[in-house]
Amino acid sequence: MNRRSRRVLFPRVAIEVESETEESSEDEEEDHEEEPLTPPTQPVNNKKKAPITISLKRVCKVCKGTGHEAGFKGATYIDCPKKPCFLCKQPGHTTMNCPHRVATEHGVVPAHRREFRGSLDYLFERQLRANVPMIKPGFVIPDQVDCAIIRLHSRRVTSLEFHPTNNSILLSGDKKGQLGIWDYNKVYEKTVYGSIHSCILNSMKFNPVNDGSLYTASSDGTICYTDLEIGTPNLLMNLNPDGWNGPANWRMLYGMDISSSKSLVLVADNFGFLYLVDMRSNKRIREPVLIHKKGTKVVGLHCNPLQPELLLSCGNDHFARLWDLRRIDAGDSLGNLPHSRVVNSAYFSPLTGTKILTTSQDNRIRVWDSIFGNIESPSREIIHSHDFNRHLTCFRAEWDPKDPSESLAVIGRYISENYDGVALHPIDFIDTSTGRLVAEVIEPNIKTISPVNKLHPRDDVLATGSSRSLFIWRPKEQLEPSEEQGERNYRVSICNKQEKKSKRAKLDDESDEGDDVSGLDLNDKSKQKPGACYKVLHCPPSSKSKSKK
DNA sequence: AGAGGATGTCGCC
DNA sequence: TGGCGACCCTCCTC
């Protein structure tokens with residue numbers, strides 16, 4: 001086709017310009033000013049082509065309407081006013097002035113006091129209530145990055161687990177199926193096993209009788225059992241023995257837990273089925289059981305810490321479900337916990353196992369105070385921004401296993417806040433008994449969202465997976481005081497491309513530690529060195545200057 | 001610096 | 001029930 005005929009066939013182009021002369025100061029319109037806009041001449045032979053309209057009006061990126069704009073203005077995001085609030089999902093206001101955003105109570109919707117008291121309530125009062133401490137201790141918040149490992153993984157982190165006996169070992173799984181092992185007390189001691197799985201490592205659990213080995217479940221449809229010293233995976237179960245036969249047949253494993261008293265590995269797939277594998281014989285026992293709506297993903301499984309027969313599952317059918325492992329059959333759950341959208345996670349409380357904490361895509365964290373009562377509605381709903389699934393690992397609120405009152409939970413936040421001109425996504429510590437936001441933890445160098453968080457079972461330590469990097473947080477008061485106010489050193493190890501690049505530049509003979517670089521931005525790749533100890537500006541949540549307009 | 005791609009859920013037909 | 005487009009405050013690579 002020559003140039004001439006191309007022009008003839010091209011549809012008519014109309015141009016709309018902003019009518020009212022706005023205070024068009026620095027805006028991008030000037031770019032268009034001199035453009036030789038296609039002339040709407042020669043409308044020959046273009047009857048069938050719809051005219052193209054080029055609009056120079058300010059258009060909202062979200063609703064395409066005029067008169068307003070949505071998007072980032074500096075570090076503050078402006079919502080489209082025509083959409084319901086992005087946080088609480090209610091119409092009539094935007095996230096910026098959502099009452100749940102600025103209130104420390106974070107939007108708690110308590111359940112009505114129930115008059116009904118069944119026999120299980122009495123059982124709870126008689127046998128378990130005495131073990132539940134009534135006085136809540138002060139929370140210790142790990143709010144200062146102590147060390148970090150940048151780009152340990154080549155894809156985003158999907159799961160984290162602390163070693164059950166070695167206090168400073170953190171395991172991490174990623175979207176590629178790789179397994180990272182990091183001793184954060186010796187920051188530069190890290191290993192990545194690249195051939196455990198072929199895609200997303202969704203869940204990992206230690207063998208309760210051998211803490212040197214790990215069970216992992218993956219979207220490749222396998223469970224692997226790996227000795228951490230050797231790193232060679234042993235295939236325990238493979239749901240796709242015939243390879244790829246299209247998405248309708250490819251089975252992926254998500255939720256996994258271990259019932260140590262029954263010596264079982266419990267794992268569930270993306271079609272709603274639960275599989276039971278005996279840990280002694282490494283054989284599957286009984287047929288898979290449909291525990292959620294057929295064809296929907298079961299994303300979480302959790303065994304009750306005190307009652308070995310109780311299992312909690314959650315999934316994409318908008319339910320968390322309670323099961324009795326002694327008689328588990330399709331449709332025969334002990335209880336169903338309804339949600340309005342997908343349930344990302346559901347956990348029993350870590351000590352007594354009598355509470356349930358769930359995270360749902362509807363931007364709500366729900367708490368059931370007693371599994372023995374009426375569980376049709378939660379005791380509390382806590383509004384919290386975590387509605388995002390694509391591109392990111394799902395957000396999950398997790399209990400602090402050290403909190404004797406079983407009320408503190410940690411969860412990353414999707415929505416950003418403007419901290420001194422930088423958009424940061426905090427990690428929230430929430431008192432689930434009141435919904436109060438106990439702390440929002442940030443670090444100016446972590447500019448990516450931190451959906452994966454794990455609190456240490458014994459130490460006051462928080463591990464965070466953010467994009468491909470890992471961070472270890474400790475309470476400020478437990479760290480050495482800073483030399484200058486507002487600044488602190490933390491140890492950083494940088495991996496992957498950066499490491500290779502640095503080796504090429506013959507920097508690898510430099511000392512691993514003590515390489516202070518003042519005011520370094522970890523995102524500024526040109527200034528990075530491997531194994532350096534960076535001095536960063538500390539921006540504590542208490543002294544942050546949130547700009548709330 | 002900016003475009004493009006990977007990616008999961010949901011509602012509509 | 002299945003296909004498809006919309007969602008839309010990501011993050012990485014080229």
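From a predicted model like this one, the values you see are computed outputs, not experimental measurements. Note on naming: letters A, B, ... go to the chains in the order of the sequence lines (proteins, then strands), and numbering restarts at 1 for each one.
The distance between atom CZ of A/Phe72 and atom P of C/dC11, rounded to the nearest whole Å, is 10 Å. Between the OH atom of A/Tyr414 and the C1' atom of C/dC7 there is a distance of 10 Å, given to the nearest Å. Atom CZ of A/Arg468 is separated from atom C1' of C/dC11 by 9 Å (rounded to the nearest Å).
Proximity of A/Cys85 to A/Thr94: side-chain heavy atoms (C-beta onward) are nowhere separated by under 4.5 Å. In this structure, the side chains of A/Leu266 and A/Trp323 stay at 4.5 Å or more apart for every pair of heavy atoms. Residues A/Asn363 and A/Leu87 are in side-chain contact: their nearest non-hydrogen atoms beyond the backbone lie under 4.5 Å apart.
Between A/Ser466 and A/Lys83, the one whose closest nucleotide on DNA chain C sits nearer the 5' end is A/Lys83.
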Close N or O pairs between protein and nucleotides 2-4 of chain C (under 3.5 Å):
none

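Residue contacts shown for A/Thr448 are limited to sugar-phosphate atoms, with no base heavy atom under 4.0 Å away. Among the heavy atoms of the strands lying under 4.0 Å from A/Ile449 are primed sugar atoms or P, OP1, OP2 only; no base atom is included.
Under 3.5 Å, the side chains of A/Asn453 and A/Thr464 contain a donor-acceptor pair of N or O atoms.
C/dT13 and B/dT7 are spaced 16 Å apart, taking the C1' atom of each and rounding to whole Å. A distance of about 23 Å separates the C1' atoms of C/dC9 and B/dG11, rounded to the whole Å. Taking atom P in both C/dG5 and B/dG5, the straight-line distance is 16 Å, to the nearest Å.
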Base-pair string, DNA chain C, Watson-Crick plus G-U, cut-off 3.5 Å on both distances, | for inter-strand, is .||||||..|||||

Protein heavy-atom contacts under 4.0 Å, written 5' to 3' over nucleotides 6-13 of chain B as B (base), S (sugar-phosphate only) or - (none), form the string BBBSS---

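Under the ring-ring contact (aromatic ring centres under 6.0 Å, His included) criterion, A/Phe162 pairs with A/His456, sequence neighbours left out. For A/Asp220, there are no salt bridge (charged side-chain N to carboxylate O under 4.0 Å, His left out) partners two or more places apart in sequence or in a different chain. Under the side chain to side chain contact (heavy atoms under 4.5 Å, CB included) criterion, A/Val187 pairs with A/Cys147, A/Trp182, A/Arg491, A/Ser493, sequence neighbours left out.
Considering every non-hydrogen atom in both A/Met204 and A/Gly173, the closest pair reads CE-N, 3.5 Å. Heavy-atom minimum distance, A/Thr359 versus A/Ile411: CG2-CD1, 3.8 Å.
The CD atom of A/Glu381 lies 4.0 Å from the CZ atom of A/Arg366; values are rounded to the nearest 0.5 Å.
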(message) Show, in sequence, the C-alpha distance, side-chain angles and deciding distance for A/Ile365 and A/Ile430, and conclude whether the side chain to side chain contact (heavy atoms under 4.5 Å, CB included) test is met.
(response) CA-CA 10 Å; A/Ile365 295 166; A/Ile430 294 170; 3.8 Å; yes

